[in-house]
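Have a look at the structure below before the remarks.
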Amino acid sequence: MTTPAPAPASLDDAHLATRRITRLSVGVAVVLIAMKAFALGASGSVSILATLADSVLDLAASLTTFFAVRWAAAPADEDHRYGHGKGEALSALVQAGLVFASALFIAWEGVQRIFDPRPVTSGVWATGVMVAAIAITAWLVWMQTQTLKKTGSLAVAGDRAHYAADLAANVVVLIGVISGAFLGAPGLDAAAGIVVAVWLFWGATGMLKAAADHLLDRAVPEADRAAITKAVLADPQVFGVHQLRTRMSGQVMMIQMHVDLDAHQTLDAAHAIVVAAENRVLAQYPAADILIHADPRGHARPLPAIPAAAPADPQASPAPTGPAPKGPWS
């Protein structure tokens with residue numbers, strides 16, 4: 001189920017929140033790498049090697065996010081009239097690629113260790129480090145969740161997906177370390193590493209889809225489109241909404257639409273109605289960029305319909321073009 005996009009108090013507040021959480025994410029990644037490197041040297045655990053490799057890639061991803069959110073927050077310029085918001089989606093693509101690479105490396109190492117098991121030593125140190133890593137990661141994921149509720153940042157969402165996967169993966173690693181060090185079953189340690197790899201691969205797939213939707217200008221959720229339409233039609237002088245188009249550019253919702261107005265009123269009056277409609281939408285989505293085109297009622301220029309889906313039969317005739325449907329999202 002898709003949930004409506006969050007409405008931050010202001011775009012500046014959203015950018016400030018994302019900058020803070022990305023700094024925290026980089027700091028946590030550095031701490032986790034140091035802890036896991038120590039545990040790996042003490043134990044030789046393949047599952048700790050797996051989670052250490054993932055933390056190294058997490059640091060690279062967090063640094064990518066750190067710079068991406070700052071670039072995405074830059075205002076529009078001569079060459080980027082719509083701003084730089086899609087830098088967040090590019091960051092998410094990089095993150096997904098790094099996670100895929102991490103998953104492949106971990107899976108390969110785990111398979112090798114299954115056929116060539118090695119004992120896990122210093123189990124007490126390794127266990128203590130993993131418990132601490134779980135606690136730190138859980139705290140970071142909670143902080144990122146609070147930021148996402150305020151900003152809806154795609155880059156932060158990608159970073160959070162990293163650490164949420166790490167949280168579950170660290171639990172699996174802890175089980176593997178305990179099995180290898182205290183139960184004398186190093187094969188379980190290697191199997192735990194493979195479970196981590198599968199988990200990371202699954203999470204990267206979701207990140208890739210979210211970034212692709214953003215870059216391909218997927219419409220915002222239906223609940224948001226309904227809220228936008230309702231806000232515009234709250235004025236009885238607006239007789240209809242059509243050709244509603246929405247997309248996200250970073251944390252900015254881009255909204256375009258046509259509205260039907262009385263054909264006999266003055267341009268000044270029509271302008272006032274449109275501005276009031278924009279303000280009603282901005283009250284719900286303060287970070288939105290809105291463009292409303294006024295049509296004289298009954299004289300709107302017909303535009304080609306947007307088909308709901310491609311024909312199932314490749315030999316079928318193409319969908320006819322003609323006046324768009326009267327629904328608000330046509």
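None of these values were measured; they are calculated from a predicted model.
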field: Under 3.5 Å: donor-acceptor pair, side chain of Ser25, backbone of Ser62
entry: no

task: Decide whether Leu52 and Leu104 are clustered together by the hydrophobic rule: side chain heavy atoms of Ile, Leu, Val, Met, Phe, Trp, Tyr closer than 4.5 Å, transitively.
output: no

message: Rounded at 0.5 Å granularity, tell me how far CG in Leu24 sits from CD in Gln144.
response: 7.5 Å

field: Distance, nearest 0.5 Å, that separates CD of Gln237 from CD1 of Ile273
entry: 3.5 Å

field: Phe100 atom CZ, neighbour heavy-atom count above 12 within 6.0 Å
entry: yes

- prompt: Of the non-hydrogen atoms in Ala294 and Val274, which two are nearest, and what is the gap between them?
  reply: CB-CG2, 4.2 Å

- request: Would you sort out whether Val30 and Leu59 count as a side chain to side chain contact (heavy atoms under 4.5 Å, CB included), showing the intermediate values?
  value: CA-CA 7 Å; Val30 171; Leu59 175 59; 3.9 Å; yes

- prompt: Side-chain contact, heavy-atom cut-off 4.5 Å: Trp142 with Thr137?
  reply: no

- request: Tell me, please, which residues at least two apart from Lys209 pass salt bridge (charged side-chain N to carboxylate O under 4.0 Å, His left out).
  value: Asp213

message: Quick one, Leu244 and Arg225 - any side-chain contact, counting heavy atoms below 4.5 Å?
response: yes

- prompt: For the side chain of Arg245 and the backbone of Met257, is there at least one donor-acceptor N/O pair under 3.5 Å apart?
  reply: no

- prompt: Has the side chain of Arg280 got a donor or acceptor atom that lies under 3.5 Å from a matching backbone atom of Ala231?
  reply: yes

query: Nearest heavy-atom pair of Leu261 and Gln265: which atoms, and what distance?
result: CB-NE2, 3.3 Å

message: Using side-chain heavy atoms (C-beta onward) and a distance below 4.5 Å, is Trp139 in contact with Val28?
response: yes

- prompt: Between the side chain of Asp262 and the main-chain N/O of His264, is any donor-acceptor distance below 3.5 Å?
  reply: yes

- prompt: Is any side-chain heavy atom of Val232 less than 4.5 Å from a side-chain heavy atom of Thr229?
  reply: no

task: Return the minimal non-hydrogen interatomic distance between Leu233 and Phe239, and the atom names on each side.
output: CD2-C, 4.5 Å

- line: Minimal heavy-atom distance between Ala132 and Met35, with the atoms involved, is CB-CE, 3.3 Å

task: Calculate, to the nearest 0.5 Å, the distance between atoms CD and CG belonging to Gln256 and Leu291 respectively.
output: 5.5 Å

message: Just so I know, are the side chains of Asp295 and His242 near enough to count as touching, which here means a heavy-atom distance under 4.5 Å?
response: yes

- prompt: Heavy atoms, side chains only, cut-off 4.5 Å: are His293 and Val259 in contact?
  reply: no

message: Show the nearest heavy-atom pair for residues Gln243 and His258, with the distance to one decimal.
response: CB-CD2, 4.0 Å

- line: Here the pair of heavy atoms bringing Ile255 nearest to Ala288 is CD1-CB, 3.9 Å

task: Hey, could you give me the CG/CE distance between Asp224 and Met248, rounded to the nearest 0.5 Å?
output: 8.5 Å

query: Is the shortest heavy-atom distance from the side chain of Ile228 to the side chain of Thr246 under 4.5 Å?
result: yes

- request: Decide side chain to side chain contact (heavy atoms under 4.5 Å, CB included) for Val220 and Met253; before the verdict, give the C-alpha distance in whole Å, the side-chain angles of both, and the deciding distance to 0.1 Å.
  value: CA-CA 8 Å; Val220 302; Met253 183 185 295; 4.0 Å; yes

